[in-house]
Number of protein chains: 2
Amino acid sequence: MTGGDHDAAPRRRALKIKIQIFCGEEIAMGPGKADLLDAIRAHGSISAAGRAMGMSYRRAWLLVDAMNRCWRDRLVDTTPGGGRERGAQVTPAGEAILSAYRAMQAAAGDSAARHMTGPLESLLRPAPLSDAPES
Amino acid sequence: MTGGDHDAAPRRRALKIKIQIFCGEEIAMGPGKADLLDAIRAHGSISAAGRAMGMSYRRAWLLVDAMNRCWRDRLVDTTPGGGRERGAQVTPAGEAILSAYRAMQAAAGDSAARHMTGPLESLLRPAPLSDAPES
């Protein structure tokens with residue numbers, strides 16, 4: 001929490017902020033990967049986390065693999081078994097990265113919301129005018 | 001410029017931040033629309049701006065139309081002619097919104113970069129490890 005943002009919440013409703021952290025050309029952390037870490041923590045496996053997010057096992061596995069290759073420590077450990085996996089855990093490094101990324105999201109969101117003033121605040125309509133016919 | 005971000009530039013290289021301002025379900029301002037306003041200012045027409053951005057005239061026109069419907073004042077005025085348009089200008093309201101959005105982007109970017117510390121800084125590899133074979 002930073003100071004001076006006590007009135008930022010209403011302004012933030014109109015804002016959507018996406019932060020990606022790159023490792024070379026790959027995305028080391030972003031909104032989808034952070035949500036996947038939350039889901040792995042909640043569900044205890046990559047497959048269950050992927051299912052909960054409406055994502056294929058392959059897609060979830062690729063996101064975990066990218067995270068594990070982009071950071072010096074693995075963010076997710078899996079317990080291999082007879083099938084694809086017996087379970088997955090977010091590592092202490094994963095918890096630290098996730099927590100720091102969430103703090104970064106919150107700080108950037110607060111900064112942006114504090115700039116939702118002046119013409120951005122006074123000129124934004126609550127809803128758009130209906131579509132005009134194309135010229 | 002805010003204080004304390006003198007060392008934010010190097011950290012920012014790994015960061016990509018996208019801010020969208022919503023008007024109901026429509027995007028009133030975002031990176032593409034802001035860049036299109038810059039291009040209209042530089043090229044003096046929607047069609048030339050769209051061409052410069054590798055965007056169809058229809059796509060550029062739809063982005064301009066969405067902006068003009070989402071804000072209380074039009075952000076772009078066009079001079080209709082025999083063809084599709086004879087020219088387009090970013091209005092004073094458009095200049096004000098664009099400038100405020102750029103300031104918002106810069107502030108959010110500074111905030112995020114200042115959070116690129118601790119495990120985010122120390123654990124991020126400069127390049128990812130190569131792909132692991134899928135399990």
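To find a chain, count down the sequence lines: A is the first, B the second, and so on, and within it residues start at 1.
For the side-chain contact (heavy atoms from CB on, under 4.5 Å) test, residues two or more places apart in sequence or in another chain that qualify with A/A60 are A/L36, A/I46, A/M55. By the side-chain contact (heavy atoms from CB on, under 4.5 Å) test, B/S56 pairs with B/R58, B/R59, sequence neighbours left out.
There is a path of hydrophobic side-chain contacts, each under 4.5 Å, that joins A/L123 to B/L37.
Side-chain contact between B/I40 and B/V64 is present, with at least one heavy-atom pair separated by less than 4.5 Å.
Contacts between residues 21-32 of chain B and chain A, defined by a heavy-atom separation under 4.5 Å, are made by B/I21, B/F22, B/C23, B/G24, B/E26, B/A28.
Per-residue heavy-atom pair counts under 4.5 Å with chain B were compared for A/I19, A/N68, A/D73, A/L120, and the maximum is reached by A/L120. Counting heavy-atom pairs under 4.5 Å between each of A/I17, A/I97, A/L124 and chain B puts A/L124 at the top. Most heavy-atom pairs under 4.5 Å with chain A, from the set B/S99, B/A106, B/P126, B/A93: that is B/P126.
Considering CD of B/Q89 and CG of B/L75, their distance stands at 13.5 Å, rounded to 0.5 Å.
Judged by distance alone, the side chain of B/R74 and the main-chain N or O of B/V76 form a donor-acceptor pair under 3.5 Å. Remark: side-chain polar atoms of A/S45 are not paired, donor with acceptor, to backbone N or O of A/A88 under 3.5 angstrom.
The salt bridge (Lys or Arg N to Asp or Glu O under 4.0 Å) analysis of residues 36-45 of chain A, with sequence neighbours excluded, yields the pairs A/D38-A/R41, A/D38-A/R102, A/R41-A/E95.
Heavy atoms closer than 4.5 Å to chain B are found in the backbone of A/S122, but not in its side chain.
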